[in-house]
Peer 1: 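Dropping the structure in here first, questions after.
Source: prediction; values computed, not measured. All values below come from the heavy atoms of this structure, side chains included, with hydrogens, waters and symmetry mates left out.
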Amino acid sequence: MNSHSISDHKYYIGGSLPVNASTYVVRQADQKLFQSLREMEFCYVLNSRQMGKSSLRVRMMQQLEAENIVCIVVDLAGIGSNVTMEQWYWGIAYRLMRGSRRFAQNFDGRSWWEKRKSFSPIQRLSQLIEEVLLELISPKNLVIFIDEIDSVRSLDFSADDFFTQIRFCYESRGNNQNFYHLTFCLLGVATPTDLIADQWRTPFNIGQSIELTGFQLESAKSSLIEGFASKVNNPELVLEKILYWTGGQPLLTQQVCKLVAEVSTSKNPDIGQLVDRYIINNWDSQDEKEHFKTIRKRLLGNEKLSARMLSIYQKILVEGEIKFDSSPEQMELILSGLVTKKNENLIIFNPIYGKIFNKKWAHEKLENLRPPLYREAIKAWLNSENRDKSYLLGGESLLLANKWANGKFLSNEDYLFLNACQENALSIKAEETRILEKANQVLDKAKKKAERIIKIGVIGSMIVFMSAVSLLLWAEQRVDRWPEDEMLNNCTFQKQKCRFEYEKPNDVMGIGGFYVNLITPNSEAKIYWSAQHCHNQKIILGTQNISTSSTDKNYIDFPRFICSFSFTIADMSSGEANRDRIEFKSNYDIDQYPLKLLIGDIGNLWY
């Protein structure tokens, strides 16, 4: 093959391919769409960006017009979104009249539109189609292509009437034979429910969905191989490797074919190496057509669904595929182009996406979507295998987290964490209520006894006064007791650490402190401890070094009202003394309520 014939097979990266482009790949969608439109069926092609929708439209218009079918294209993106309803419908009408101008060169469309100001814009559009377009074009057939249909989502008003008008044209065929000569083809990046939710007005349940898939080897080789066939030893094998890396994604496939044709100097090119160097490495700066940036924006730009989409994508990265369930977040993920549906499962579209939007990227982006305090708390809680309650949010922090989560579709991890926070907060509230009720009961009894004491006289009053002073002083003291015998524990080290957790019994104020004594000879260890306050959930952290030679019990004293604590013991032994397992004894003491005991003693003075 000479250089001239290679140049005839130009690869196009981005935008619509020229109608006569030799590198256009005919897919199953081409045949299905052509046959359906030729039979005047309503069709829609809804897919991710840069999947070849516009090139498909250009090719369809050429083929249909070759069969004497009139084609008009209305690009809604060209009308804009910062427009009034009147301007928007006039923009559509103008493009329809411009497309049919060759049938009525003297028709004054602007004057016709202005004379009908008493009608609503959608009524004027309906009249234009029925009374002007169909009459002008008859007896020929007319296909109206509505491109960039997803633009309606950015309008300040509802476009439901527009879609209802399309359905009206289809359903009017029984009353007006001219409507048999008209059909529509809608193209864009959206799901039908994104465009109109009312199933009684939507045209999508009467239309034909055209699915665009990636290029396949058999259908692609006749179009794509010629451009690099003379530069490689085995062109078909090279194309097969290209399709492996791109998944048949049109823009990426054209781009890698162009690299082989214009950049590679090897007869046996390493496609993976070319992809890494010219596409994946520093992709942010090499993404001239903003292909990957568009995917990223689609993933991260949806405030309501982004967290859920990233969570689903993470699961696909780990498991390889997940079951397709038609949920809004899965549909949005498909429209991003990052994943595709295969055999009722969702998979990553191609290895290039998997290397750019990898596990690390997805994890970082999901974390960044969370507020800072919430982010650190859930990260620590998940690292504790969902066990350490000290990291659960409460109070004002929980209120702010719930406010952030409201209206969003979050990941399963987020829901688990928020539910655990809520349950923990309710548990703490119930405990505070129980303590308050018990305290009120004790004070009520004390009040009744005090009233009886007053009747004894001055001496009795003095004794009561002195006892009350003692009561106040004693209430400030703590009465400690050990809840059980000293516990013998052992620790088999995994990653050099072992962890233990304790919670206070229900009938006490809190945990006073704990100690750990090493038993294994010649051992050294470090204690990392964390304690949680019962009421404000404040977390207290600390460390303590211990050894077998310690003479005391290494007691760690807590402030009042500690509900739970945990500690991690890490082996700090050095040299030959370092071991996989040590033994130690530990215990903790608890704070009892002295108030009831004291009031009981005061009362006994008078019986």
Peer 1: Considering all heavy atoms of both residues, which atom of Glu67 and which atom of Phe34 are nearest to each other, and what is their separation?
Peer 2: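 Heavy-atom minimum between the residues: OE2-CZ, 3.4 Å.
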Peer 1: Quick one: does Gln208's side chain have a donor or acceptor within less than 3.5 Å of a partner on Phe42's backbone?
Peer 2: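 Not confirmed, Gln208 side chain does not pair with Phe42 backbone.
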Peer 1: Hey, what do you get for CG (Leu182) to CG (Leu133), rounding to the nearest 0.5 Å?
Peer 2: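 The CG atom of Leu182 sits 8.0 Å away from the CG atom of Leu133.
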Peer 1: Backbone N or O of Thr84 within a donor-acceptor pair of the Gln87 side chain at under 3.5 Å?
Peer 2: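 Between the backbone of Thr84 and the side chain of Gln87 there is a qualifying donor-acceptor contact (under 3.5 Å).
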Peer 1: Can you find a heavy atom in the side chain of Asn302 that is under 4.5 Å from one in the side chain of Glu332?
Peer 2: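 Counting from C-beta outward, Asn302 and Glu332 do come under 4.5 Å.
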Peer 1: Could you check whether atom NZ of Lys221 has more than 12 heavy atoms from other residues, nucleotides or ligands sitting under 6.0 Å from it?
Peer 2: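 Yes, NZ of Lys221 has more than 12 neighbouring heavy atoms, counting only those of other groups under 6.0 Å.
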Peer 1: For the backbone of Asp160 and the side chain of Thr164, can you confirm whether one donor and one acceptor N or O come within less than 3.5 Å of each other?
Peer 2: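 Present.
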Peer 1: Nearest 0.5 Å please: distance from the CG atom of Leu366 over to the CD1 atom of Ile378.
Peer 2: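 The CD1 atom of Ile378 is 8.0 Å from CG of Leu366, to the nearest 0.5 Å.
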Peer 1: Considering residues, nucleotides and ligands other than Asn282, do more than 12 of their heavy atoms fall under 6.0 Å from its CG?
Peer 2: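 No.
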Peer 1: Please walk me through it: do Asn176 and Glu130 pass side chain to side chain donor-acceptor pair (under 3.5 Å)?
Peer 2: CA-CA 9 Å; Asn176 186 340; Glu130 182 175 4; 3.3 Å; yes
Peer 1: Does any part of the side chain of Thr183, heavy atoms only, come nearer than 4.5 Å to the side chain of Tyr170, both counted from C-beta?
Peer 2: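 No; the side chains remain at least 4.5 Å from each other.
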Peer 1: For Ala377 versus Leu393, what's the shortest heavy-atom pair and its separation?
Peer 2: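 Looks like CB-CD2, 3.8 Å.
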Peer 1: Minimum heavy-atom separation for Gln286 and Arg277, please, with both atom names.
Peer 2: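 The pair with the smallest heavy-atom distance is NE2-O, 3.4 Å.
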Peer 1: Any salt bridge between Asp147 and Lys53, counting N to O under 4.0 Å?
Peer 2: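 So Asp147 does not pair with Lys53 through a salt bridge.
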Peer 1: Is any side-chain heavy atom of Gln314 less than 4.5 Å from a side-chain heavy atom of Lys359?
Peer 2: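 Contact flag for Gln314/Lys359 side chains = no.
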Peer 1: So if I apply the side chain to side chain contact (heavy atoms under 4.5 Å, CB included) rule between Thr23 and each of Lys10, Glu226, Gln254, which one comes out positive?
Peer 2: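 Of all the options given, the one that passes is Gln254.
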Peer 1: Hey, are Arg49 and Thr294 close enough side-chain-wise for a donor-acceptor pair under 3.5 Å?
Peer 2: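 Distance-only check fails for Thr294 and Arg49.
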Peer 1: Decide side chain to side chain contact (heavy atoms under 4.5 Å, CB included) for Val73 and Val58; before the verdict, give the C-alpha distance in whole Å, the side-chain angles of both, and the deciding distance to 0.1 Å.
Peer 2: CA-CA 10 Å; Val73 59; Val58 170; over 6 Å; no
Peer 1: Are the side chain of Asn406 and the backbone N or O of Lys403 linked by a donor-acceptor pair below 3.5 Å?
Peer 2: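 Side chain of Asn406 to backbone of Lys403, a donor-acceptor pair under 3.5 Å: no, none is there.
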Peer 1: Other residues, nucleotides and ligands only: do more than 12 of their heavy atoms fall within 6.0 Å of NZ on Lys293?
Peer 2: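 Yes, because the 6.0 Å sphere around NZ of Lys293 holds more than 12 heavy atoms from other groups.
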Peer 1: For Phe119, I'd like to know if atom CZ has over 12 heavy atoms of other residues, nucleotides or ligands within 6.0 Å.
Peer 2: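 Incorrect, the count does not exceed 12.
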Peer 1: What pair of heavy atoms forms the shortest contact from Ser222 to Ser219, and how long is it?
Peer 2: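 Minimum heavy-atom separation between Ser222 and Ser219: OG-O, 3.9 Å.
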Peer 1: Look up atom CG in Leu252 and atom CD1 in Ile242, then write down how far apart they are to the nearest 0.5 Å.
Peer 2: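 Going from the CG atom of Leu252 to the CD1 atom of Ile242 covers 11.5 Å.
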Peer 1: More than 12 heavy atoms of other residues, nucleotides or ligands under 6.0 Å from CD of Gln123: is that the case?
Peer 2: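 Yes, CD of Gln123 has more than 12 neighbouring heavy atoms, counting only those of other groups under 6.0 Å.
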Peer 1: Taking atom CD of Gln28 as the centre, does the number of heavy atoms from other residues, nucleotides or ligands within less than 6.0 Å exceed 12?
Peer 2: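 No - once you tally the heavy atoms of other residues, nucleotides and ligands closer than 6.0 Å, there are 12 at most.
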Peer 1: Walk me through whether Tyr94 and Trp113 qualify under ring pair (Phe, Tyr, Trp, His ring centres under 6.0 Å).
Peer 2: CA-CA 9 Å; Tyr94 171 77; Trp113 186 264; over 10 Å; no
Peer 1: Do Ile149 and Phe162 have side-chain heavy atoms sitting under 4.5 Å apart?
Peer 2: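 SC-SC contact between Ile149 and Phe162 confirmed.
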Peer 1: Under 4.0 Å between a side-chain nitrogen and a carboxylate oxygen: does that hold for Glu86 and Lys117?
Peer 2: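 Counted as a salt bridge, because a side-chain N and a carboxylate O are separated by less than 4.0 Å.
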Peer 1: Going by an N to O cut-off under 4.0 Å, is there a salt bridge joining Arg296 and Asp284?
Peer 2: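 A salt bridge links Arg296 with Asp284.
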Peer 1: Could you check if a side-chain atom of Asp325 sits within less than 4.5 angstrom of a side-chain atom of Gln330, using non-hydrogen atoms only?
Peer 2: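 SC-SC contact between Asp325 and Gln330 confirmed.
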Peer 1: Go through Glu364 and Glu367 one step at a time and tell me if the side chain to side chain contact (heavy atoms under 4.5 Å, CB included) criterion holds.
Peer 2: CA-CA 5 Å; Glu364 289 176 352; Glu367 280 202 338; 5.8 Å; no
Peer 1: Restricting to non-hydrogen atoms, name the atom on Val189 and the atom on Leu335 that form the minimum distance, rounded to 0.1 Å.
Peer 2: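 Heavy-atom minimum between the residues: CG1-O, 3.9 Å.
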Peer 1: Please determine whether a side-chain nitrogen of the Lys or Arg among Lys323 and Glu344 lies less than 4.0 Å from a carboxylate oxygen of the Asp or Glu.
Peer 2: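 Looking at Glu344 together with Lys323, the answer is no, because their closest N to O distance does not fall below 4.0 Å.
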Peer 1: Output the distance between atom CD1 (Ile79) and atom CG (Leu155), rounded to the nearest 0.5 Å.
Peer 2: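 It is 9.0 Å, given to the nearest 0.5 Å.
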Peer 1: Determine whether Phe349 and Gln249 satisfy the following criterion, side chain to side chain contact (heavy atoms under 4.5 Å, CB included), listing intermediate values before the conclusion.
Peer 2: CA-CA 8 Å; Phe349 200 106; Gln249 203 286 330; 3.7 Å; yes
Peer 1: Is there side-chain contact between Ile334 and Ser48, with at least one heavy-atom pair below 4.5 Å?
Peer 2: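 They are not in side-chain contact.
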Peer 1: Is the number of heavy atoms from other residues, nucleotides or ligands under 6.0 Å of Gln273 CD greater than 12?
Peer 2: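 Count not over threshold, so no.
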Peer 1: So, does Asp30 use its side chain to make a donor-acceptor pair with the main chain of Arg27 at under 3.5 Å?
Peer 2: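 Present.
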Peer 1: Which heavy atom of Val152 sits nearest to which heavy atom of Ala159, and what is that distance?
Peer 2: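 Scanning both residues, the minimum pair turns out to be CB-CB, 3.9 Å.
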Peer 1: Can you classify the ring geometry of Tyr313 versus Trp361 as parallel (below 30°), tilted (30 to 60°) or perpendicular (above 60°)?
Peer 2: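 If you compare the ring of Tyr313 with that of Trp361, the planes turn out perpendicular.
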Peer 1: Check whether the side chains of Ser55 and Ser16 place a donor and an acceptor atom closer than 3.5 Å, and report yes or no.
Peer 2: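 There is no such pair between these side chains.
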Peer 1: Between atom OG1 of Thr191 and atom CG of Asn47, what is the distance when rounded to the nearest 0.5 Å?
Peer 2: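 Nearest 0.5 Å value for the OG1-CG distance: 12.0 Å.
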Peer 1: With a 4.5 Å cut-off on side-chain heavy atoms, are Lys379 and Arg375 touching?
Peer 2: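 Arg375 does not reach Lys379 side chain to side chain.
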Peer 1: Strictly below 4.0 Å, N to O, side chains only: are Arg308 and Asp414 in salt-bridge contact?
Peer 2: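 Not counted as a salt bridge, because no side-chain N and carboxylate O are separated by less than 4.0 Å.
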Peer 1: If the plane angle is over 60° it's perpendicular, under 30° parallel, otherwise tilted; pick one for Phe163 and Phe204.
Peer 2: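 Phe163 and Phe204: tilted rings.
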Peer 1: Apply side chain to side chain contact (heavy atoms under 4.5 Å, CB included) to Leu299 and Leu333, showing your working.
Peer 2: CA-CA 7 Å; Leu299 271 178; Leu333 202 52; 3.4 Å; yes
Peer 1: Looking at Tyr89, does the NZ or CZ of Arg124 lie under 6.0 angstrom from its six-membered ring centre and within 45 degrees of the ring axis?
Peer 2: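 Here Arg124 fails the 6.0 Å and 45° test against Tyr89.
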Peer 1: Can Arg153 and Asp194 be counted as an ion pair, charged N to O under 4.0 angstrom?
Peer 2: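 Judged by the 4.0 Å cut-off on N to carboxylate O distance, Arg153 and Asp194 do form a salt bridge.
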Peer 1: How long is the straight-line distance from CG of Asn141 back to CG of Asn68, given to the nearest 0.5 Å?
Peer 2: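 Those atoms lie 9.0 Å apart.
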Peer 1: Anything under 30° is parallel, anything over 60° is perpendicular, the rest tilted; go ahead and classify Tyr374 against Trp404.
Peer 2: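 Correct class here is tilted.
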Peer 1: Ion pair present between Arg95 and Asp75, side-chain N to carboxylate O less than 4.0 angstrom?
Peer 2: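 A salt bridge is absent here (no side-chain N lies under 4.0 Å from a carboxylate O).
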Peer 1: Output yes when a side-chain donor or acceptor of Arg116 lies under 3.5 Å from a complementary backbone atom of Trp112, and no otherwise.
Peer 2: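 Yes; at least one donor-acceptor contact below 3.5 Å.
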Peer 1: Counting only heavy atoms not in Glu39 (residues, nucleotides, ligands), do more than 12 fall under 6.0 Å from its CD?
Peer 2: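 Atom CD in Glu39 is crowded, with more than 12 foreign heavy atoms closer than 6.0 Å.
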Peer 1: Taking the six-membered ring for Trp, are Phe184 and Tyr44 closer than 6.0 Å centroid to centroid?
Peer 2: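 No, they do not, as the ring centres are separated by 6.0 Å or more.
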Peer 1: I'd like to check Cys185 versus Ile146 (side-chain heavy atoms, cut-off strictly below 4.5 Å). Are they in contact?
Peer 2: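 Answer no - side chains too far apart.
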